[in-house]
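These figures come from a predicted structure and were not determined experimentally.
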Amino acid sequence: MLPQDRQSEIMKQLHEFKTVKILELSRDLNVTRETIRKDLYELEEKGLVRKVHGGAILNKANLETSYINRKSTNENEKRSIAKRASEFVENGDTLYIDYGTTALLFTREILSKKDLTIITNSLPIANEVIDYSDFEVIIIGGNVRKNEKSLFGPIAYRGIEKLYVDKGFFGIGGIDINAGFTNVHMGESEVSRLMLEHSQKNIVMADYSKFNTVSMNQVAPIEKVDVLITDEKADPKLLEQLNEKDVKVITVIPEDEKNE
């Protein structure tokens with residue numbers, strides 16, 4: 001196993017269990033304890049973890065809050081971004097909607113559309129649309145990540161092989177001009193990456209807090225995205241760089257700021 005693969009697995013376990021032990025990682029990954037110590041040292045150097053006696057914990061600055069808590073973070077920005085993204089949806093479209101809080105707000109904005117086919121790996125999004133008779137709903141199966149209420153894993157990856165959509169709508173954990181679009185969880189990152197390949201038009205929804213932030217796992221290089229919708233607080237230098245890479249950038253003003 002390559003060092004980056006081991007470190008991705010370590011981060012996956014940290015986000016799942018909040019702590020890891022060197023002895024258990026050494027056994028699970030079939031490497032020496034010294035190798036695990038080196039991995040933890042490198043992750044600590046990146047600011048992702050904090051080493052403790054016998055193991056490591058997540059660096060508090062990189063501890064992703066729960067789905068419920070994140071729903072209220074930058075909600076005005078997310079709501080305005082979601083509303084603007086909904087303008088790309090036409091009656092009769094086949095859509096992929098990624099997991100996440102902005103994606104859920106986006107889903108609520110398209111409930112008046114007709115004859116949509118919606119594919120998602122998000123249980124909250126599936127619950128939002130399942131009772132609408134105008135919508136055909138396809139849930140990507142797989143393992144459940146409880147804190148995100150999303151599905152991932154080998155079953156999900158195999159299910160995606162024959163799924164193709166007109167438009168994909170994605171939320172992400174971070175945007176960096178060099179690292180591209182990233183996410184915290186390796187499993188969901190792989191689902192998003194595969195669906196980006198199976199979508200004719202890729203639309204990313206990201207509020208300003210996601211800029212110049214790099215999560216552990218790359219979802220896609222910048223060039224894979226057609227449209228980025230963000231808010232006016234986003235880093236203007238990075239927006240200019242995205243434009244130079246042929247990403248169409250749309251900025252919105254949150255409703256509460258329009259009324260000031």
Side-chain angles (χ1 to χ4, degrees), residues 1-70 73 98-101 121-124 140-161 170-176 178-197 209-210 212-221:
M1 182 180 285
L2 295 173
Q4 58 263 37
D5 294 329
R6 280 198 313 273
Q7 291 174 19
S8 290
E9 179 60 27
I10 291 169
M11 291 303 298
K12 176 183 174 182
Q13 291 194 28
L14 276 167
H15 283 285
E16 190 79 26
F17 305 113
K18 313 307 179 191
T19 183
V20 292
K21 300 293 185 184
I22 291 173
L23 184 61
E24 293 174 358
L25 288 171
S26 173
R27 181 191 63 218
D28 294 345
L29 300 178
N30 196 29
V31 293
T32 65
R33 281 178 283 182
E34 187 56 40
T35 297
I36 295 298
R37 288 191 185 95
K38 183 179 179 181
D39 286 332
L40 294 179
Y41 174 78
E42 291 179 2
L43 290 171
E44 188 174 52
E45 285 288 295
K46 296 175 183 177
L48 295 170
V49 310
R50 182 160 64 88
K51 289 174 65 180
V52 296
H53 181 69
I57 60 175
L58 276 174
N59 183 339
K60 187 175 181 180
N62 287 281
L63 180 60
E64 186 177 55
T65 56
S66 71
Y67 185 88
I68 297 299
N69 290 337
R70 286 190 293 113
T73 303
D98 211 20
Y99 80 103
T101 55
N121 71 327
S122 165
L123 296 176
I140 295 173
N143 302 81
V144 177
R145 189 177 297 283
K146 293 181 179 179
N147 66 328
E148 289 293 340
K149 304 185 189 326
S150 59
L151 298 157
F152 71 104
I155 295 173
Y157 310 151
R158 288 196 297 271
I160 290 170
E161 289 178 2
F170 301 86
I172 41 80
I175 305 171
D176 181 271
N178 296 312
F181 296 88
T182 60
N183 243 330
V184 172
H185 299 304
M186 181 169 59
E188 286 90 333
S189 296
E190 182 65 9
V191 170
S192 300
R193 186 189 68 77
L194 291 170
M195 287 308 304
L196 275 158
E197 297 291 341
S209 67
K210 306 298 173 64
N212 292 318
T213 299
V214 182
S215 300
M216 188 64 184
N217 303 289
Q218 187 188 66
V219 174

Does the side chain of [Y] come within less than 4.5 Å of [X]'s, by heavy atoms?
X      : Y      : value
Ile57  : Val49  : no
Glu190 : Phe152 : no
Leu151 : Arg145 : no
Lys210 : Ile172 : yes
Arg158 : Ile160 : no
Ser150 : Val191 : no
Asn143 : Ile155 : no

All N/O donor-acceptor pairs, side-chain side in residues 32-40, below 3.5 Å, sequence neighbours left out:
unit_1: Thr32; atom_1: OG1; unit_2: Thr35; atom_2: N; d: 3.1
unit_1: Thr32; atom_1: OG1; unit_2: Thr35; atom_2: OG1; d: 2.9
unit_1: Asp39; atom_1: OD1; unit_2: Arg6; atom_2: NH2; d: 3.2
unit_1: Asp39; atom_1: OD1; unit_2: Gln7; atom_2: NE2; d: 3.2
unit_1: Asp39; atom_1: OD2; unit_2: Arg6; atom_2: NE; d: 2.6
unit_1: Asp39; atom_1: OD2; unit_2: Arg6; atom_2: NH2; d: 3.4

Value for CG (Asp28) from CG (Leu23), rounded to nearest 0.5 Å, stands at 9.5 Å
Measure the spacing between OH of Tyr157 and CG of Leu194 and express it to the nearest 0.5 Å. 8.0 Å
Which residues share a salt bridge (Lys or Arg N to Asp or Glu O under 4.0 Å) with Glu42, sequence neighbours left out: none
Considering non-hydrogen atoms only, spot the tightest contact between Ala56 and Leu14 and give its length. O-CD2, 3.6 Å
With distance as the sole test, does Lys51 use its side chain to make a donor-acceptor pair with the main-chain N or O of Tyr41 at under 3.5 Å? no
Between Ser26 (side chain only) and Ile22 (backbone N and O only), is there a donor and an acceptor less than 3.5 Å apart? no
Criterion side-chain contact (heavy atoms from CB on, under 4.5 Å) on Leu43 and Glu45, from CA distance to verdict: CA-CA 5 Å; Leu43 290 171; Glu45 285 288 295; over 6 Å; no
What's the verdict on side-chain contact (heavy atoms from CB on, under 4.5 Å) for Leu25 and Glu9, showing C-alpha distance, side-chain angles and the deciding distance? CA-CA 9 Å; Leu25 288 171; Glu9 179 60 27; 5.9 Å; no
Would Asn121 and Met195 satisfy side-chain contact (heavy atoms from CB on, under 4.5 Å), going step by step from the backbone distance to the final call? CA-CA 11 Å; Asn121 71 327; Met195 287 308 304; over 6 Å; no
Distance only, no hydrogens: is a donor on one side chain within 3.5 Å (strictly under) of an acceptor on the other, for Ser192 and Asp98? yes
